[in-house]
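Comments concern the structure below.
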Number of protein chains: 2
Amino acid sequence: MDVTIKDVAKAAGVAPSTVSRVIADNPRISPATKRKVKRAMEEMGYHPNVTARNLASRKTKALGVVLPFSADKALQNPFFPEVLRGISSIAHDMDYSLVLCTGETDEEMLEGVQRMVYSSQTDGILLLYSQVRDPIQSFLLEQKFPFVVVGRPAESGSEVTHVDNDNIQASKDITSHLLDIGHERVAFIGGSRELVVTLDRLQGYERALQQAGISSSESYKVHTEFLKSGGRSAVRELMSLSEPPTGLVVADDLMAIGVISTLEEAGIHVPEDLSIVSFNNVYLAQVSRPALTTVDVHIHDLGKEAAACLIAHVQRRDQPAKRVIIPHKIEYRSSAISRPAPSEV
Amino acid sequence: MDVTIKDVAKAAGVAPSTVSRVIADNPRISPATKRKVKRAMEEMGYHPNVTARNLASRKTKALGVVLPFSADKALQNPFFPEVLRGISSIAHDMDYSLVLCTGETDEEMLEGVQRMVYSSQTDGILLLYSQVRDPIQSFLLEQKFPFVVVGRPAESGSEVTHVDNDNIQASKDITSHLLDIGHERVAFIGGSRELVVTLDRLQGYERALQQAGISSSESYKVHTEFLKSGGRSAVRELMSLSEPPTGLVVADDLMAIGVISTLEEAGIHVPEDLSIVSFNNVYLAQVSRPALTTVDVHIHDLGKEAAACLIAHVQRRDQPAKRVIIPHKIEYRSSAISRPAPSEV
DNA sequence: AAGACCTATGCAAGCGGCTGCTCAAATGGA
DNA sequence: TCCATTTGAGCAGCCGCTTGCATAGGTCTT
């Protein structure tokens, strides 16, 4: 708490600069001196002061993590903790610390980001979501501040490094699965249209239909908030169509759980009456009933990769923007079953 | 990114110290000068460098947040994000930043905490869980480093400021509820015995039984990991007793969901065959089927209060340790129903 | 043996902002 | 009008560490 580099220097009989170089493991210091200094540090319980170090070296060894709290991006979604875990593991390995930035509204978050950037609190920033026309992305871009986004940037995609799944393909895959096992009327329930991930998954769904030669109907595509039970009305509407779907592609596990709940209330059983597939494969997906057939997007890897990219990027600023795609994998469980051949009414 | 206090000073035709005092809104600077300086800051896009400021003022305006990743404390539990939200809202208001510290193991976390403390990265630390014989708490205590824990410290409770629910009372309340609606055989499923919260809830359960004049049986108290499906075997064991319980007090919502799933697999229906109550009232509790009767512990308030306490504490170090109890409230939903009067066999 | 070169350290100037102290100007009182 | 006060602002040292440059020995060359 108190012993400084000077104290150590004095005790070891060397100059402060030497101690500093010992800390940095500078090859220009002889092994003998290093040992001597290290012993002194040990004995005195010396620990370098990061603040001073940061000031002198004009770096922070800290990454900013921006995660949304607003209702529809929903921090209660286990997606965030999980990606955080991935980020943290890399940050820890590379000796970076993480500073959190959140807010209930876009403005609050932007404010937070600006603070981080202007006051040089972090070397780079990680965006854990991607929405269209994101003022934060614009700001960061314009400031030329290093950042990487988890997800696909809606704009300037080629200029910003991002780590994502191929959500279009993933969605196409899982929709096709539903089609393959006999469903002909498959609807899509997505979250906020502002989120790129929703858009991508919707597009994948549409492509799958198209490939199967099924025309897609607007009434089969509904959007509702990630978590809000507002989903209820959307589901009811969907099921009261003259030709209700027999299969549902839901853009998120948690949403799927909410949807299933609503369905059951209405006396519709999953998967007997209706098959459901979703995305993310959070822990709950295997514990809820029925266990969810879902796309495992390897959340943890998304986080790890994003952190690694960002660190690489802040260490060598000249790196070009890159795009990393984390593979996905469908987990087949019990929320989707094959549809008996339709009876010709 | 570049303009410093000196540049502003020059532009405004004053000394750097004057600019500094303007920033601090020091009353010794005349309004006229303040205006002048502020205009200059504005025009030049000046933003103080926190690092330099921190170094000079020997504060960081940052709070460390320690949250566990290990399996049984489970970050996937929405409890953490939610308390984080509470913390964040206060931190934001008070202009503090949050730095995250996590780890998969206790050692990793201790390491992280030590780093924070030794290198003075934060002014104070928030512990989001409490376990018995916690090396982190001991360390912090011994270093006299300001910290507050969310939960009840197992040891030295009177010396460390903490924010908690009255979990014993809460557990007693909800267990009594089960008893009141006619259940006579009520079992308890808790998480890790290392966690104080588990211990408290167990104790509340026991007290309720005792007060109702029911003797508690060891086979009715089981512990399993917070999330792991390992819970399965525990549940099966419980249900294969010669006198299986008709009511279950589960120490956590997520666990309850897992338990219900296991039960249903075994053909036992909740709440018809078995009533379940749990704790926390996370978002899922109202969305899952059946919706959970659970104790709302006001997670968000826990976080807010904890952050407020910590900030108060770092600002005036001489404050005595205090204990804040957040009230709880039972949410009656559909996972617990009254037990028909037992038939006299 | 003397200059050329290393090697291992030390010196000192920052990094950007804070703050105790000093000092000049302005104000007020008599 | 003159001196005591108050007010406003500047000076300079410091926070703890990093780093370019200088330097003192020592080792090689030739």
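Numbers restart at 1 for each chain; the letters A, B, ... are given by sequence-line order, proteins then strands.
Note on B:Pro16: nothing from the nucleic acid sits closer than 4.0 angstrom, heavy atoms only. The residue A:Arg28 sits close to a base: some heavy atom pair falls under 4.0 Å. At the heavy-atom level, B:Val19 lies nowhere under 4.0 Å from the strands shown. Among the heavy atoms of the strands lying under 4.0 Å from B:Leu55 is at least one base atom, whether or not backbone atoms are also near. A:Ser20 comes within contact range of at least one nucleobase, with a heavy-atom separation under 4.0 Å. The residue B:Ser17 sits close to a base: some heavy atom pair falls under 4.0 Å.
When distances are taken from the side chain of A:Pro48 to each of C:dG17, D:dA9, D:dC17, the shortest belongs to D:dC17. Set against D:dT18, D:dG10, C:dG10, the side chain of A:Ser57 has D:dT18 as its closest nucleotide. Ranking C:dC18, D:dC11, D:dC15 by closeness to the B:Arg58 side chain, first place goes to D:dC15. Side-chain proximity of A:Thr4 to C:dG17, D:dG16, D:dA9: nearest is D:dG16. Distances were taken from every side-chain heavy atom of B:Ala56 (C-beta onward) to each of C:dA8, D:dG8, D:dC15; the shortest belongs to D:dC15.
When the P atom of C:dA8 is taken as reference, atom CG of A:Asn26 falls 10 Å away, rounded to whole Å. Atoms NE2 (A:His47) and C1' (D:dC17) sit 16 Å apart, rounded to a whole Å. Between the NZ atom of B:Lys59 and the P atom of C:dC18 there is a distance of 10 Å, given to the nearest Å. In this structure, CD1 of B:Ile23 is placed 10 Å from C1' of C:dC18, rounded to the nearest angstrom. A:Asn49 has its CG atom 7 Å from the P atom of D:dG16, to the nearest Å. When rounded to the nearest whole Å, the span between CD1 of A:Ile5 and P of D:dC14 equals 18 Å. Rounded to an integer number of Å, the gap from CZ of A:Arg35 to P of C:dT9 is 11 Å. In this structure, the CD1 atom of B:Ile29 is 13 Å from the P atom of C:dT19, given to the nearest Å.
Within 6.0 Å of the NZ atom in B:Lys61, the count of heavy atoms belonging to other residues, nucleotides or ligands exceeds 12. Within a 6.0 Å radius of NZ in B:Lys59, no more than 12 heavy atoms belonging to other residues, nucleotides or ligands are found. Residue-environment remark: NZ (B:Lys34) exceeds the threshold of 12 foreign heavy atoms within 6.0 Å.
A distance of 12.5 Å separates CZ of B:Phe147 from OG1 of B:Thr122, quoted to the nearest 0.5 Å.
At least one side-chain heavy atom of B:Val14 sits under 4.5 Å from a side-chain heavy atom of B:Val37.
Taking side-chain N and O atoms only, B:Thr18 has a distance below 4.0 Å to OP1 or OP2 of D:dG10. Contact annotation: B:Tyr46 reaches the phosphate of C:dG17 (side-chain N/O to OP1 or OP2, under 4.0 Å). Applying the 4.0 Å criterion to OP1 and OP2 of C:dG16, one finds that B:Arg53 has every side-chain N and O outside that range.
Two rings, from A:Tyr118 and A:Phe139, have their centers less than 6.0 Å apart.
Residues B:Lys36 and B:Ala52 both approach DNA chain D. Their nearest nucleotides, taken by heavy-atom distance, put B:Lys36 toward the 5′ side.
One donor-acceptor pair, N or O on each side, does fall under 3.5 Å between the base of D:dG10 and the side chain of B:Arg21.
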